[in-house]
Each structure stands twice: as structure tokens, then as C-alpha cells.
Amino acid sequence: MKTVKRAVFMMFVLSLALLTACGGKQETSPSGGGSNAAPNTKSDAQNSSAAQVKIEYFQMKNEVVDVVNRLIEKFESEHPGIDVEQNNVPNPENVWSIRLSTNDAPDVFTHYPHNAVFRELVKEGRVVDLTQDPLLADINPAIVDLSKIDGNNYLVPIALATMGVYYNVDLFHELHLDIPQTYDELIQTAEKLKAAGYTPFYFHDKDWNGIRQEVVFKMGMELDNISEFLDDVMNGNKHITEHPQIRALAERILQLREYGQQDSLGTGYEDALREFANGKGAMWFTGIWAIPSIQDANPNLKFSMFPFPALNAENTKLQVTVDTAIGLPAGGKNEEAARSFVEFMAAPENVQVYVDAGKYPAAVQGVQNNVPEMAKLSELIDAGKVYPTIMSVWPPGVAEEVGKATQEMFAVGDIDSYLQNLDTIFYNRYNQ
């Protein structure tokens, strides 16, 4: 039965990636182009060298194509016997899984250790095990632990993603507000902003995915042993309402909406970004990926971020996902050259270039945070106060259902119904 399910899954993935896959590899140009790629500027003598090795770097983030091209140029100047072709395509996760499953793996690739499909192909033995590998020597130990799959490492983490509270610096200064260190202080700050005639929070509750991100983040930080508990629920051994802290968490998530704009359920992510950038809201909870967009929307806005505070300050920590991590396929034909490229990309001086361009926190020790807006988040990462996303092993569809159930709670304000809906979503899920 598992073999049949796997075959059906791969047929489904193939249908999603068909247009991309049948088009073959797409080499990017130095400016990030595809079909209009600029010609290779290397000399004919170099290209014709018998010792020349060509490797493919299959990376999944369109927004970093340009900085990766710059790094490839530097690598090739230091390794004249190796050519690196960057490959960035639509639907990259689907294309990657097809290629590994059909023994057409790229020499080097990026992926995400929390990704369910990646974990499945790891279990099939299609990715090189890097546990205790020297390639991980400079990686933050907390991130190495966070990236493990069944106790082993299969990717070299480079850059991270996390979430926090954006805040309007000038407004906080005007009202003499301190950065809240606990949840109660956050509510007190919201009360002061509301009393002064400002909207304390902007929410983008029209998008179930943004709500899902918030719920998952707060469950992971505030609920004891939540991953093990949810595993018991999905195995049919417990019910959601048996967790002693979950009702209080739902109450706090709903309580925050009292300090938001009037129609948060009618506000999407882009709307909230624009309104925060224009000074309409004092705070906004979302990911670090919004930093460049806010700067583009209003270059004059002074804003920064602080960690969403726990009930007790000492328990405040960050949910961190690995946003860029590099791996090698099992049985790769150019593994020596590929390893040298991974070593180069993981070197602190090159990671510095990468994270400065992408405005990410680094997973590598010795890399400076040159994005002042996320300095307070980086302090927690450097201190190892991080935790993995609890949804890495959730079955397909669960995350969306959690987001939509929380939307319904915001609409009707019924916490009892919300908890029952969560129980319906999770209970015995593994056996359905």
C-alpha cells in the first residue's frame, strides 16, 4: 500500500512540475535572466580545458539569484577548474523531488530540513548524511540540532527565517514606550497606544496562512511538550482539550484582536504591510521577510522588531526555520567539486555577503548582523534560544485547516467551538 501511495504521490508531483521539467534545466544569467542568458565570458581556452568540471547548483529562492551569481563568480575565480551553473526554476520543490526520484539529481541543491517531502527522500537514502561532517564546523550548534532529521544532519544551514513584532520607532519614542518583555507588558503597551488614539496592532487575518504562522509560532513557544502532545492526538490517544494550557493560549490570541483595526478579517498581507509602512498601525506581527518590502514602501519610516514576548521573559525564544541550507545527493558524480562549492558557500565571509543581500539572520558563527531592524531577534538566535516549527511532521492539509479554524474563531469569538474544531482537525489524523 505504501508503494502505491508513493507512486500516486509522485504522479501528482509530476503533474505539477510537468511544464518546468520538460523544459529541461534553465541556466540563469549573471543578471538573473533565464532564456536570455548572457554568454559565458570565460576564455575559450579555459572552457576547453580537459580538467574542467561543471556542477549544477539547484537553489530554490528566486530573490537571491543575483547575489548567488556574484558568489559563483568569486568561487570560479578561486577554483578555475570548476564551472558552476545556477539553476532556479518555478515550482522548485516539486522539480527537485522529481529529479531525485528519477536519478537525475543536481550536484548541489538547497532545501529545507523541516520539509515533509525532503524528509521522505532522506529516508529513502537519496541525500548524503552530513552528521559530524566538517562542513558543519562553523554552524551555530543550536541550528545544527534544530536541523536534525531522526538525529542526523543532511543539510548545511546557511540562513534562517523567523518572526517578530515590527514596531514604529518614532511612535514608541513619542509615547515613551519601552519594548515589552512579557505578554502582560505587551497588553499594557497596547492599552497605552489605544488610549492615545493609535491602532496598536495591524493584522492580516484575511490570509489563513498568516494566521497559521501566528498560531504555530505561539503554540511552539508557550505550550509545554506540544509536539509530543499533538503526536498523541494525531495517533488518537489524546484530545486537544486535554492540554492544560491550550485554552489560555486561544484566549490570548483572540484578546490581541481587541487591539487591532476594525476589519482584520478583511485585511490581507499586502494591505497590512502598506498600512504599517504608512504609519497606520504601531505594531505588526509577521516574518523578517517583510523588511525589504516595508523599506521599499516607505523609505522614511523608522521601524524595528522585537521578539514576541512569552508570559515570562526568561521563556521568550524564537521559532526558527532554516531558510537556506545546502545538501548533496547520494551518489553524485561530481561530489568532490560539489563539496568544495558547499564549503565555499558555508564560509563565514561568503555567508556574510549572502545574508547582507537577503536580510536574513545567519546560521553560521562569526557572521555579523548588519540588519539593525532584526538585531534583537539575532541576539536570541546567537544565544541559542530557538525552537523548531512544530508543523514539520503535520500531514498535508492540517496547516490550512488550523488557519481557517482560527479565522472562524475571530469571526464568532467562540473558543469552545474553536478547540472542538482543532480536535476534529488533529484527532486520529495519522489513521485517517
Side-chain angles (χ1 to χ4, degrees), residues 10 13-14 16-30 32-35 37 40 47 52-76 79 81-130 133 135-136 147 149 153-159 322-346 350 354:
M10 292 311 304
V13 173
L14 180 60
L16 292 176
L18 187 56
L19 290 176
T20 300
C22 67
K25 298 177 183 177
Q26 298 178 12
E27 183 173 355
T28 60
S29 73
S35 59
N40 196 336
N47 285 333
Q52 202 77 9
V53 175
K54 187 171 185 177
I55 61 173
E56 176 192 356
Y57 179 41
F58 185 97
Q59 73 86 14
M60 299 190 178
K61 298 180 71 63
N62 180 63
E63 63 269 26
V64 301
V65 164
D66 288 344
V67 67
V68 168
N69 273 323
R70 297 201 304 271
L71 289 167
I72 286 173
E73 184 177 351
K74 179 185 177 186
F75 173 82
E76 290 177 339
H79 300 78
I82 305 174
D83 280 335
V84 180
E85 172 191 338
Q86 179 182 186
N87 195 6
N88 174 255
V89 299
N91 300 317
E93 294 178 32
N94 295 332
V95 175
W96 179 87
S97 60
I98 288 290
R99 291 187 58 183
L100 259 69
S101 298
T102 57
N103 299 314
D104 180 33
D107 302 288
V108 191
F109 55 79
T110 65
H111 219 298
Y112 312 99
H114 61 274
N115 181 276
V117 174
F118 178 77
R119 287 170 172 255
E120 179 65 26
L121 289 174
V122 160
K123 292 176 182 177
E124 292 182 8
R126 297 183 181 273
V127 180
V128 172
D129 188 337
L130 299 175
D133 195 288
L135 290 171
L136 295 169
S147 304
I149 299 173
N153 289 97
Y154 299 89
L155 293 167
V156 179
I158 300 298
V322 176
D323 192 73
T324 302
I326 307 179
L328 300 165
K333 60 182 180 294
N334 295 311
E335 185 170 340
E336 183 178 352
R339 283 184 63 89
S340 68
F341 182 68
V342 178
E343 183 178 10
F344 170 88
M345 290 294 289
N350 299 319
Y354 184 83

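These values consider heavy atoms only, across backbone and side chains, with no hydrogens, waters or symmetry-generated copies.
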If you measure from [atom1] on [X] to [atom2] on [Y], what distance do you get to the nearest 0.5 Å?
{"X": "Q52", "Y": "I82", "atom1": "CD", "atom2": "CD1", "value": "8.5 Å"}
{"X": "E120", "Y": "I149", "atom1": "CD", "atom2": "CD1", "value": "11.0 Å"}
{"X": "N91", "Y": "M60", "atom1": "CG", "atom2": "CE", "value": "11.0 Å"}
{"X": "H79", "Y": "E343", "atom1": "NE2", "atom2": "CD", "value": "7.5 Å"}

Derivation of the side-chain contact (heavy atoms from CB on, under 4.5 Å) call for F109 and N87: CA-CA 9 Å; F109 55 79; N87 195 6; over 6 Å; no
Counting C-beta onward and ignoring hydrogens, is there a side-chain heavy-atom pair between [X] and [Y] closer than 4.5 Å?
{"X": "P106", "Y": "I55", "value": "no"}
{"X": "V322", "Y": "L155", "value": "no"}
{"X": "Y154", "Y": "D129", "value": "yes"}

Under the side-chain contact (heavy atoms from CB on, under 4.5 Å) rule, what do V108 and Q59 come out as? Steps first, then yes or no, please. CA-CA 8 Å; V108 191; Q59 73 86 14; over 6 Å; no
Measure up the Y112 and H114 rings against each other and bin them: parallel (under 30°), tilted (30 to 60°), perpendicular (over 60°).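 It falls in the tilted class, 30° to 60°.
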Please enumerate all residues that pass ring pair (Phe, Tyr, Trp, His ring centres under 6.0 Å) together with Y57, with sequence neighbours excluded.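 Listed in chain order: F341.
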Please list, chain by chain and in numerical order, all residues satisfying ring pair (Phe, Tyr, Trp, His ring centres under 6.0 Å) with F118, sequence neighbours excluded. W96, H111
Of the non-hydrogen atoms in [X] and [Y], which two are nearest, and what is the gap between them?
{"X": "A330", "Y": "G125", "result": "CB-O, 3.3 Å"}
{"X": "I326", "Y": "L130", "result": "O-CD1, 4.4 Å"}
{"X": "A159", "Y": "Y354", "result": "CB-CE2, 3.9 Å"}
{"X": "M345", "Y": "I158", "result": "O-CD1, 3.8 Å"}
{"X": "T102", "Y": "I98", "result": "OG1-O, 2.7 Å"}
{"X": "I72", "Y": "Q86", "result": "CD1-CB, 3.7 Å"}

Could you list all the side-chain hydrogen bond (donor to acceptor under 3.5 Å, both in side chains) pairs where at least one residue sits in residues 329-342, not counting sequence neighbours? D107-N334, D133-R339
Using side-chain contact (heavy atoms from CB on, under 4.5 Å), reason through K61 and N88 one step at a time and then give a plain yes or no. CA-CA 7 Å; K61 298 180 71 63; N88 174 255; 5.5 Å; no
Evaluate the criterion side-chain contact (heavy atoms from CB on, under 4.5 Å) for residue pair N115 and E93; output intermediate values, then yes/no. CA-CA 9 Å; N115 181 276; E93 294 178 32; 2.9 Å; yes
Looking only at atom types and distance, does a side-chain atom of T110 sit under 3.5 Å from a main-chain N or O of T324, one as donor and one as acceptor? no
Over 12 non-hydrogen atoms of neighbours within 6.0 angstrom of CD in E63: yes
